Amino acid sequence: MANDSLKKEIRVRFAPSPTGDLHVGNIRTALFDWAYARHTGGKFIFRIEDTDRERVTDQYIAAAIDTLRWLGLEWDEGPEVGGPYGPYLQSQRLDIYAKWAQTFLDNGDAYRCYCSTEELEARRESQRAANLAPGYDGKCRNLSAAEIAKYEGEGRKPVTRMRMPDGETQFNDAIRGDLVFEHKFVPDFVLARADGSPLYTLAVAVDDVLMKVTHILRGEDLLSSTPRQIRVYQAMGVAPEDYPIFAHLPFVMGQDNTKLSKRNGEVSIAWYRDAGFLPEAICNYLALLGWSPGDDRENVTMQELTELFTVERVNSSPARFDMKKLEAINGDKIRALTIDDFLLRALPFVTNAGIISGTDSEKAVIKSVLPIIQERIAKLSEVPQMVKFLFGESVEIEGESKEKISDEVSKDVLRRSLAALEPLKIWNHGSIDAALRAVLIEEMGLKPRIAFGAVRIAVTGSHISPPLFESMELLGKERAITRIKNAI
RNA sequence: GGCCCCGUCGUCUAGUGGCCUAGGACUCUGGCUUCUCAAGCCAGCUACGCGGGUUCGAAUCCCGUCGGGGCUACCA
């Protein structure tokens, strides 16, 4: 691989089929593709595999573009940015595939197959029954002119099918080593439907060649389709030394050791965005699924990832997705944010929660409380509940907390706190602390957690809040006093 | 069923024949700190799937076995 980088530019592509929102597995692949391209100083190509227009929608394509951008995985060639080997939507390259399919037909590498879906299915069924490997049996491989005329006369429309020669395909996978597939287990496969529309096997191989892709880092599920892809390279006349290097990435699995799905954790990246995860946290965590820097470090920036990422360090075994660890990393990333950056990222969550409308003064209030909540949250979605008490005159005390301050001791605490706080000339966390401590701890002899707990609930509405004295300072004397009175 | 891939703490991983009485991180448990919740600090629990080889020596190499996963489409 080192030699390649000397003689030609590294070109890596991420080519999803947007049949739904991009999910964790897709993004891990995209991240590795991107990181490898950046690491080698090569190009990162983004291609949309939308040959199956019945399942791919424009909405999903737009979402995929949006998700990649949000994560910071900028592409050098692809949708919206163009490039010298475009277009980068396969649905716009149909004529190219048709031309190659015809070439394969002309050269005898492919042939027309008149078998209907039903006939194929029936034969596969009997193959299974006879304990044979199901797959195309080669019925139409060598049709005579008479047979063709007969089928045409019946009105059958032929698909274009690739001829797999006898023998085997060998290739070196950068992650798994040397691999051999015997062709007797790789049946002739369909390149294009009767209407001429291409299938994945045709489009992917043609585009990788035409777009001069040098490295294919993709999911392990495509491993067994690699011989078919290589067969297309051969038919296109590509020299073996010019084949792309394959690296099949291990799966990202759900909790129960099956493929990720709604059931065992949310898969759509859009969901993580809404849940308050930072893109750099998602990338950092995903980078650790199937790859590691080699030393003990786990907190890596995008910059470090591009510097350290090599396929040699990619694991070959599948990884389980762990939400807990993602949250831990997300918390670390939040704590690493500057207050201005934190504010920028948190604002949408506070606004969407209906806590503020977005005025400058409201933003200033949010910004003032951010420093004391930064280390207490793991996700941006937790910001609203933490800052809520700073808005509005009164506060609603939640059920469980309400009971905690309805007893006589609490009432007494609140009454005495009120008396100690009202005369205060200087209102800051230091003076509040001193005043409350004097009357509640020293005079009453209460345990701090009992004493301050009651005040906390009265002032913030909850027994869980940012530090009390700082919260009261930010709230302001007037509202703090009012809330204590209301709670008595 | 066939073909293929994979197998170190609960999870992610380090480990490429001796540095391993297996290291780190997340989780969990206990403690410290403490105005709640967090954060932080300390401690603890827990792993080389199994069986054979090769070797002076194996988590590391080989074989078998078991287990998990993928593919087996006119999806990608």
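Throughout, protein chains are lettered first and strands after them, A, B, ... in sequence-line order, and every chain is numbered starting at 1. Model, not experiment: these values are computed from the prediction.
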For this session: Would you check, one step at a time, whether the test salt bridge (Lys or Arg N to Asp or Glu O under 4.0 Å) holds for A/Arg112 with A/Glu152?
Result: CA-CA 11 Å; A/Arg112 295 190 199 283; A/Glu152 292 283 347; 5.9 Å; no
Exercise. Checking side-chain hydrogen bond (donor to acceptor under 3.5 Å, both in side chains) for the pair A/His248/A/Arg218: CA distance, chi angles, key distance, verdict?
Worked result: CA-CA 5 Å; A/His248 288 93; A/Arg218 51 160 30 165; 3.0 Å; yes
Problem set entry | Chi angles and distances behind the salt bridge (Lys or Arg N to Asp or Glu O under 4.0 Å) call for A/Asp412, A/Arg416 | CA-CA 6 Å; A/Asp412 198 27; A/Arg416 293 200 193 211; 3.6 Å; yes
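Side-chain N/O atoms of A/Arg320 and base N/O atoms of B/U13 include no donor-acceptor pair closer than 3.5 Å. For A/Glu298 against B/G24, a side-chain N or O and a base N or O form a donor-acceptor pair under 3.5 Å. Judged by distance alone with a 3.5 Å cut-off, no donor-acceptor contact links the side chain of A/Arg449 to the base of B/C35.
The ring of A/Phe171 has its center closer than 6.0 angstrom to the ring center of A/Phe246. Under the 6.0 Å cut-off for aromatic ring centres, A/Phe104 and A/Tyr111 do not qualify, their centroids lying 6.0 Å or more apart.
Counting any heavy atom pair closer than 4.0 Å across all strands shown, A/Gly290 reaches sugar-phosphate atoms only and no base atom. Within 4.0 Å (heavy atoms only), A/Thr51 reaches sugar-phosphate atoms of the nucleic acid but no base atom. Across all strands, A/Leu468 comes closer than 4.0 Å to base atoms (heavy-atom distances). Base engagement by A/Ser465 is indicated by at least one non-hydrogen atom pair under 4.0 Å involving a base atom. When heavy atoms are screened at a 4.0 angstrom cut-off, A/Pro250 is found touching no nucleic acid atom at all. The residue A/Phe185 sits close only to the backbone: its heavy atoms come under 4.0 Å of sugar-phosphate atoms, none of a base. Nucleic acid contact class of A/Pro448 (heavy atoms, under 4.0 Å, all strands): sugar-phosphate only. A/Arg176 comes within 4.0 angstrom of sugar-phosphate atoms only, judged by non-hydrogen atoms across all strands, and of no base.
Nucleotides B/U13 and B/G18, compared at atom P, are 23 Å apart to the nearest Å. The P atoms of B/G23 and B/C19 are separated by 12 Å, rounded to the nearest whole Å. The gap from the C1' atom of B/G68 to that of B/C50 amounts to 15 Å, rounded to the nearest Å. Going from the P atom of B/G44 to that of B/A22 covers 13 Å, rounded to whole Å. Rounded to a whole angstrom, the distance from the P atom of B/A47 to that of B/U8 is 14 Å. With P as the reference atom, B/U11 and B/G30 are 22 Å apart, rounded to whole Å. B/U27 sits 12 Å from B/C45 when the C1' atoms are compared, rounded to a whole Å.
For A/Ser292, a side-chain nitrogen or oxygen approaches OP1 or OP2 of B/A14 to under 4.0 Å. In this model, the phosphate group of B/A39 is not approached by any side-chain N or O of A/Arg335 to a distance below 4.0 Å at OP1 or OP2. In this structure, A/Arg112 does not reach the B/C74 phosphate: none of its side-chain N or O atoms is under 4.0 Å from OP1 or OP2. Phosphate contact (OP1/OP2 of B/A14, side-chain N/O of A/Asn315, threshold under 4.0 Å): present. Regarding contacts with the backbone of B/C74, every side-chain N or O of A/Ser197 stays at 4.0 angstrom or more from both OP1 and OP2.
Between A/Arg124 and A/Glu121 there is a salt bridge, with a side-chain nitrogen of the basic residue lying less than 4.0 Å from a carboxylate oxygen of the acidic one.
Pairing of B/A25, defined by two Watson-Crick or G-U wobble distances under 3.5 Å, is identified with B/U11. Using the Watson-Crick or G-U wobble rule with both distances under 3.5 Å, B/C3 pairs with B/G70. Across all strands shown, B/G64 forms a Watson-Crick or G-U wobble pair with B/C50, both key distances being under 3.5 Å. Look at B/C41: its Watson-Crick or wobble partner, with both distances under 3.5 angstrom, is B/G31.
B/C5 atom C1' lies 13 Å from atom CG of A/Leu249, rounded to whole Å. Nucleotide B/C3 holds its C1' atom 16 Å from the CZ atom of A/Arg124, rounded to whole Å. Taking atom CD on A/Glu382 and atom C1' on B/A38, their separation rounds to 10 Å, with Å as the unit. For the pair A/Leu179 CG and B/C4 C1', the interatomic distance rounds to 8 Å; values are reported in whole Å. The separation between A/Lys447 atom NZ and B/U34 atom C1' is 13 Å, rounded to whole Å. Atom CD in A/Glu118 sits about 15 Å away from atom P in B/A73, given to the nearest Å. Look at OH on A/Tyr285: it is 12 Å from P on B/U27, rounded to the nearest Å. Regarding A/Asn330, its CG atom lies at a distance of 14 Å from the C1' atom of B/C26, rounded to whole Å.
Residue A/Ser317 has its side chain nearest to B/G7 when only B/C37, B/G7, B/C3 are considered. Among B/C74, B/U36, B/A76, the nucleotide with an atom closest to any side-chain atom of A/Val159 is B/C74. Taking every side-chain heavy atom of A/Asp332 into account, B/G40 is the closest of B/C12, B/G40, B/C35. With B/C12, B/G24, B/C74 as the choices, the nucleotide that has an atom nearest any side-chain atom of A/Arg193 turns out to be B/C74. Residue A/Arg55 places its side chain closer to B/A76 than to any other of B/G69, B/A76, B/C3. Set against B/A25, B/C35, B/A76, the side chain of A/Phe469 has B/C35 as its closest nucleotide. Of the listed nucleotides (B/C35, B/A14, B/A38), B/A14 has the atom at the smallest distance from the side chain of A/Arg313. Of the candidates B/C75, B/G70, B/A25, the closest approach to any side-chain atom of A/Phe251 belongs to B/G70. Nearest to the side-chain atoms of A/Lys325 among the listed nucleotides B/C26, B/U13, B/A39 stands B/C26. With distances taken from any side-chain atom of A/Arg228 to the nucleotides B/C74, B/A76, B/G40, the minimum falls on B/A76.
In terms of position on RNA chain B, the residue among A/Asp178 and A/Thr201 whose nearest nucleotide sits closer to the 5' end is A/Asp178. Between A/Leu223 and A/Asp295, the residue anchored nearer the 5' end of RNA chain B, judged by the nucleotide with its closest heavy atom, is A/Leu223.
Geometrically, A/Arg47 does not engage A/Tyr88 in a cation-pi contact defined by less than 6.0 Å to the ring centre and at most 45° from the axis. For the pair A/Arg231 and A/Tyr233, the cation-pi criterion (under 6.0 Å, within 45° of the ring axis) is not fulfilled.
Counting only residues at least two apart or in different chains, salt bridge (Lys or Arg N to Asp or Glu O under 4.0 Å) contacts with residues 276-296 of chain A comprise A/Glu280-A/Arg345, A/Asp295-A/Arg297.
The two residues A/Thr51 and A/Pro198 make their nearest non-hydrogen contact at CB-O, 3.7 Å.
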